[in-house]
Amino acid sequence: MKNEYCIDDFLKITDSEKAYWALYGAIQKVGGREMLPFEWRVLSLGEFIDNCLTNGFNTFDGNARWSIVPAAELMDAIDEPAFAKELWACIAICRAYGKKIGRDPFDPDVEYVSFDEATENKIDAREFQFTKYVDLEISERLWRKTIEYARKNLDLLPHA
């Protein structure tokens with residue numbers, strides 16, 4: 001069966017950044033069905049790079065909360081343990097606060113949850129400075145690994 005957005009076209013692109021953004025754009029154009037976890041993970045990488053790596057978890061949470069859990073799942077899937085560990089730790093802190101107020105801040109069906117000062121301070125802690133893992137080639141590595149993840153998991157993709 002053929003993938004509904006011709007994944008083979010994107011996997012032929014040798015520049016991993018171009019391949020990633022082409023796949024990203026194709027996924028965003030898919031309509032008429034719920035996106036699959038694989039697709040959310042792929043989409044989350046752009047938000048992770050643009051928000052979290054640049055300015056940390058609070059910026060990521062404020063600008064793209066929808067993508068935090070898929071980004072953590074992606075970091076696990078593409079063997080980026082430092083990023084995965086920090087994302088899951090921040091998610092746990094936020095969910096602990098959510099339990100206090102009775103709402104999971106990462107549930108897409110829940111109204112936006114503003115964190116209290118203590119929670120903000122915890123996720124602003126020095127240990128959660130994602131930028132300490134950033135080097136000049138990190139974005140390239142993440143794009144490459146995400147495209148490799150797509151190649152290895154074609155069975156997770158939708159088919160027409």
Side-chain angles (χ1 to χ4, degrees), residues 4-5 16-17 20-21 23-150 152-153 155-158:
E4 67 183 357
Y5 43 79
S16 58
E17 179 181 5
Y20 171 76
W21 288 112
L23 180 56
Y24 180 99
I27 290 171
Q28 284 192 316
K29 290 178 185 173
V30 172
R33 66 163 173 80
E34 286 287 317
M35 274 202 256
L36 300 169
F38 171 87
E39 293 167 315
W40 286 116
R41 290 179 197 130
V42 169
L43 293 179
S44 76
L45 180 63
E47 299 296 342
F48 177 75
I49 289 171
D50 289 348
N51 288 295
C52 198
L53 290 186
T54 306
N55 298 305
F57 188 82
N58 267 335
T59 301
F60 193 25
D61 180 66
N63 292 332
R65 185 174 280 185
W66 66 268
S67 64
I68 292 172
V69 172
E73 294 168 347
L74 179 67
M75 294 302 127
D76 280 335
I78 65 173
D79 193 28
E80 287 290 338
F83 291 137
K85 179 182 175 188
E86 290 206 7
L87 282 171
W88 287 120
C90 288
I91 289 166
I93 290 167
C94 296
R95 282 191 164 146
Y97 176 72
K99 283 183 182 180
K100 285 186 205 177
I101 64 166
R103 293 185 304 188
D104 179 353
F106 303 108
D107 182 336
D109 298 323
V110 170
E111 186 178 323
Y112 185 82
V113 174
S114 295
F115 300 122
D116 63 1
E117 186 176 346
T119 302
E120 291 280 344
N121 289 339
K122 286 178 187 175
I123 58 179
D124 276 341
R126 282 220 139 317
E127 67 186 81
F128 297 123
Q129 290 187 356
F130 289 84
T131 56
K132 70 183 174 185
Y133 298 110
V134 175
D135 56 44
L136 294 174
E137 298 167 352
I138 188 67
S139 294
E140 174 61 32
R141 186 177 81 223
L142 294 175
W143 290 317
R144 179 182 45 77
K145 286 178 139 185
T146 300
I147 293 301
E148 288 171 5
Y149 170 66
K152 291 177 184 172
N153 291 286
D155 59 319
L156 298 177
L157 296 171

List the residues meeting side-chain hydrogen bond (donor to acceptor under 3.5 Å, both in side chains) with Tyr149, not counting sequence neighbours, and say none if there are none.
Arg41
Residues in side chain to side chain contact (heavy atoms under 4.5 Å, CB included) with Asp79, at least two apart?
Pro81, Lys145
I need the minimum non-hydrogen distance between Pro105 and Gly98, along with the two atoms involved.
CD-CA, 4.0 Å
Residues forming a side-chain hydrogen bond (donor to acceptor under 3.5 Å, both in side chains) with Asn58, sequence neighbours excluded
Glu120, Asp124
Is there side-chain contact between Cys94 and Ile123, with at least one heavy-atom pair below 4.5 Å?
yes
What pairs with Ala72 under side chain to side chain contact (heavy atoms under 4.5 Å, CB included), at least two apart in sequence or on another chain?
Leu87, Trp88, Ile91
Got a sec, which residues hit ring pair (Phe, Tyr, Trp, His ring centres under 6.0 Å) with Phe48, two or more places apart in sequence or on another chain?
Phe60, Phe83
Ring pair (Phe, Tyr, Trp, His ring centres under 6.0 Å) partner of Trp40, chosen from Phe106, Trp66, Tyr24:
Trp66
Side chain to side chain contact (heavy atoms under 4.5 Å, CB included) involving Ser16 - partner list, sequence neighbours excluded:
Glu140, Trp143, Arg144
Please list, chain by chain and in numerical order, all residues satisfying salt bridge (charged side-chain N to carboxylate O under 4.0 Å, His left out) with Arg65, sequence neighbours excluded.
Asp61
Excluding sequence neighbours, so at least two apart, what forms side-chain hydrogen bond (donor to acceptor under 3.5 Å, both in side chains) with Glu47?
Asn51
Less than 4.5 Å apart, any side-chain heavy atom of Leu43 and any of Gln28?
yes
What residues, two or more places apart in sequence or in another chain, satisfy side-chain hydrogen bond (donor to acceptor under 3.5 Å, both in side chains) together with Arg95?
Asp104
For Tyr97, check ring pair (Phe, Tyr, Trp, His ring centres under 6.0 Å) against everything at least two apart and list the hits.
Phe115
